[in-house]
There are 2 protein chains.
Amino acid sequence: MDKPEIQDDSSEQRIFDAAHEVFVQKGLHGAKMQEIADRAGINKALLHYYYRSKEKLYETVVRAVINRVLPVLRDLLESDKPLLEKIDYFIHFYLQTVSKNPFVPLFLINEMNKNPDHFFETIFPKELPKPDRFFQQVQSAVEAGEIKPITPQHLIVNVISMCIFPILARPMLGVILGMQAHDMRAFLNQREVEIRSFVHAALRPAP
Amino acid sequence: MDKPEIQDDSSEQRIFDAAHEVFVQKGLHGAKMQEIADRAGINKALLHYYYRSKEKLYETVVRAVINRVLPVLRDLLESDKPLLEKIDYFIHFYLQTVSKNPFVPLFLINEMNKNPDHFFETIFPKELPKPDRFFQQVQSAVEAGEIKPITPQHLIVNVISMCIFPILARPMLGVILGMQAHDMRAFLNQREVEIRSFVHAALRPAP
DNA sequence: GTCTATAAAGGGATAGAC
DNA sequence: GTCTATCCCTTTATAGAC
């Protein structure tokens with residue numbers, strides 16, 4: 001039951017899927033309505049029949065992408081699982097999701113940077129993930145001597161950074177580290193265990 | 001002596017500066033020649049007089065940005081300073097540079113992802129930073145028991161990720177962590193010391 | 001609902017005067 | 001070197017037939 005939506009192949013759905021693909025890869029201005037229509041196998045006029053304008057179609061896609069990504073972050077911040085278990089799961093899940101859709105993080109980052117007001121005021125859901133539970137868990141773990149003292153905000157940012165950034169910078173990493181596509185896939189697959197052990201090592205209490 | 005180029009206010013220079021600003025913030029397709037001309041305080045036709053086409057002007061900007069960013073990476077990888085000192089300096093310098101030009105990393109990441117062939121085959125310098133020296137230093141430090149065993153490739157990726165990603169995701173972090181612009185600046189300023197201590201902690205040899 | 005044809009606007013590029 | 005005017009292709013959007 002991964003996808004509650006009906007996976008029909010109605011024109012509306014086909015248009016949405018095509019738009020998703022094109023917008024995520026090329027951005028608002030890079031995407032052309034003609035290409036979306038071609039990829040959906042229908043006519044340009046039909047795009048406007050279902051979604052009134054390019055902007056509207058774009059917004060639909062952005063909203064869908066956000067709603068697919070946000071629950072994982074919410075789980076990291078709000079769920080009651082033990083701290084390290086949560087972090088490990090988050091790393092696992094984000095790396096997995098992102099390796100299937102490598103353009104999604106870049107797409108979202110662009111959107112929030114180019115048009116922050118529109119992004120957060122009209123597209124983003126009003127019920128934000130609340131980080132308090134997570135902060136509190138870190139606090140407790142520090143006091144119990146289970147982990148080294150650390151600011152929870154920085155911890156979470158560190159973990160997310162190490163998961164997502166390598167995907168964004170993949171082309172550059174390939175060139176600098178001299179990796180072919182094949183080595184790069186292997187490298188990215190190793191990252192789950194590497195990030196986990198790096199984070200665990202950083203959190204070890206001082207002797 | 002930060003900038004060897006002459007900082008004249010010739011039309012050519014003004015056009016370049018304006019183009020830099022607009023392209024870096026809006027990307028190739030988002031940027032309009034009219035806006036660049038307006039910002040440079042000259043006419044659209046003059047853009048074509050100095051730089052034959054939009055593409056050419058864009059490429060000039062991309063090349064300039066790369067050449068400003070690359071030396072720091074080269075220093076991290078190739079210089080002979082002790083490992084931890086190099087890492088600390090890299091963190092310091094990148095955070096400083098990037099906080100002054102927050103859009104530059106996103107600009108480069110977009111460029112390399114949307115058009116990797118053009119980026120690496122025709123724009124990127126042929127003499128790549130070579131990571132061998134850095135790898136070797138990590139290797140030695142591990143063997144000498146100075147740091148915990150770690151794959152050098154992952155170490156470097158971890159450090160760069162933690163430096164750059166928070167800038168990319170800043171708008172989101174602000175919203176999720178409930179920070180205003182002021183808190184966010186403070187937070188980003190703390191990162192230098194936080195990243196450094198996180199990395200040092202992760203590298204502590206096991207007892 | 002889906003198409004063809006076309007309007008309307010936008011934006012890169014050039015001609016030619018000064 | 002710099003400007004005004006204009007060309008013309010691209011792209012979004014609509015009208016109207018089926």
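Lettering of chains follows the sequences in order, A, B, ..., and the numbering in each one begins at 1.
Between C:dA13 and B:His48, a contact under 4.0 Å exists linking OP1 or OP2 to a side-chain N or O. The side chain of B:Ser53 contributes no N or O atom lying less than 4.0 Å from OP1 or OP2 of C:dG12.
No side-chain donor-acceptor contact under 3.5 Å links B:Asp132 and B:Gln136.
Of all nucleotides listed (C:dG11, C:dT14, C:dC3), C:dC3 comes nearest to the side chain of A:Ala45. Here the side chain of A:Met33 is nearest to one of C:dC3, D:dT2, D:dT12, namely D:dT12. The nucleotide whose nearest atom lies closest to any side-chain atom of A:Lys54 is, among D:dT12, C:dT2, D:dC3, D:dT12.
Remark: C1' of D:dA15 and CG of A:Leu46 are 15 Å apart, rounded to the nearest angstrom. Put simply, NE2 on A:His29 is 9 Å from P on C:dG11, counting in whole angstrom units. For the pair B:Lys32 NZ and D:dT10 P, the interatomic distance rounds to 15 Å; values are reported in whole Å. B:Gln34 places its CD atom 16 Å from the P atom of D:dT6, with the value rounded to the nearest Å. Atom NZ in B:Lys44 sits about 13 Å away from atom C1' in D:dC3, given to the nearest Å. Look at OH on A:Tyr49: it is 17 Å from P on C:dT4, rounded to the nearest Å. For the pair A:Phe23 CZ and D:dT11 P, the computed distance is 13 Å after rounding to whole Å. Taking atom CG of B:Leu28 as the reference point, atom P of C:dG11 lies 13 Å away to the nearest angstrom.
Residue A:Tyr50 is classed as a sugar-phosphate contact, given heavy-atom separations below 4.0 Å to backbone atoms only. A:Ala37 comes within contact range of no nucleotide atom at all, as no heavy-atom separation falls under 4.0 Å. In this structure, B:Ile42 reaches the sugar-phosphate backbone alone: every heavy-atom distance under 4.0 Å involves primed, P, OP1 or OP2 atoms, never a base.
For an aromatic pair to be called close, the ring centres must be under 6.0 Å apart, and B:Phe107 with B:Phe103 fails this.
In terms of position on DNA chain D, the residue among A:Arg52 and B:Ser11 whose nearest nucleotide sits closer to the 5' end is B:Ser11.
Cation-pi contact between A:Lys81 and A:Tyr89: present, with separation from the ring centre below 6.0 Å and deviation from the ring axis of at most 45°.
Between A:Val65 and A:Arg68 there is a side-chain heavy-atom pair separated by less than 4.5 Å.
Between A:Phe198 and B:Phe198, the ring planes are tilted. Angles from 30° to 60° get that label.
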